[in-house]
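Nothing here was measured: the structure is a model prediction, and the numbers come from that model. This chain uses plain numbering: 1 for the first residue, then up along the sequence. Both counts, for ligands and for their atoms, begin at 1 and track the order of listing.
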Amino acid sequence: MPKKELIGLLGALGFVARLVNGQLEPDCNPLLAECPAKKALQEKNYYVDFTKETGLPENWILANDAVVKFTPEGAEFTYGKRGDAPSMWTDFYMLGGRYDVEMQIAPGQGVISSSVLWSDIQDEIDREFSGNQHGEEPFPPPDGKWLVETNVYAQGRMWDGAATYQKEAYKPTTQFHTYSVEWDEDHMSWLVDNQVVRSVQASNTPSGFLFPQSPMKLQLGVWGGGDPANNYWTIQWAGGEIDMKGAPYTMYVRSVNITNKYPACQYRYKDRVLLTGFKTVAALYR
Ligand SMILES: *[C@@H]1O[C@H](CO)[C@@H](O)[C@H](O)[C@H]1NC(C)=O
């Protein structure tokens, strides 16, 4: 599939694809209802080494019915049978800083590995990897530069879905790499092994949209974009139908390191407005 067409597809269908995941709906959307305050990360730094854990660590919430194994390889997210979508997320929210996720993505046509920041009002800063590079040919890419989807949503609407090529040659399904997102009131950047692969300035926010500015949690997971039960376009986006003969397909996460720009106790929305948006916190920390 030519690159241009793929980008169009991502733009048009990214949201549909994510809904299939079933994890996008917040339990309470503070723009629509009064919701309880959410726990914030109080420390300047949060680090977890999953290779040293034997069960779900403190500060993480497992999706309903999900199985995530903790082994010396790290946290293992496996697509082993149809319908599997193991995922987990932090029990705290954070407004600005940097998230480093050291991981190896799941191989397999149509298998999606994801590392997503998302908020209760459905702002998102995403990174989604397809085990066969969203079906881009030739596969594997001879120059080692993989196509990765990086998306931004504001209040549930995608304002930018870009297919980004990782600049450095690498083998993401057989090697661990550190994938980072930096995000604050001025910019968002996506990095691989400390190299910026994409950056967006808040001043370039498309008109009619907001720059993401609500507290986010980090969610990690694998899901079957190419599950034959999904609609045709989701399967195309994912890279094709999953070949169950090659299953199980596993994503491994070794560690998560979070640098918190504005530590806080909790985040609260009142009258459908966030009380501690970037403007308030930036003023507090000046
Ligand atoms: C976590 O990230 C911070 C900031 O980049 C760095 O100083 C620190 O060494 C990292 N911690 C670990 C355990 O890698």
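Aromatic pair Trp60/Phe50: centroids less than 6.0 angstrom apart.
When the side-chain hydrogen bond (donor to acceptor under 3.5 Å, both in side chains) test is applied to Ser115, no partner is found at least two apart in sequence or on another chain.
The protein atom (non-hydrogen) at minimum distance from atom 2 (O) of ligand 1 is Asn257 ND2, 2.3 Å.
Distances from atom 11 (N) of ligand 1 to the protein include at least one heavy-atom value under 4.0 Å. Less than 4.0 angstrom separates atom 7 (O) of ligand 1 from none of the non-hydrogen atoms of the protein.
Looking only at distances, a side-chain donor or acceptor of Asn230 sits under 3.5 Å from a matching main-chain atom of Gly225. Thr90 places a side-chain N or O within donor-acceptor distance of the main-chain N or O of Leu218, the cut-off being under 3.5 Å.
Which of Thr259, Asp100, Ile258 comes nearest to atom 4 (C) of ligand 1 through a heavy atom is settled by distance: it is Thr259.
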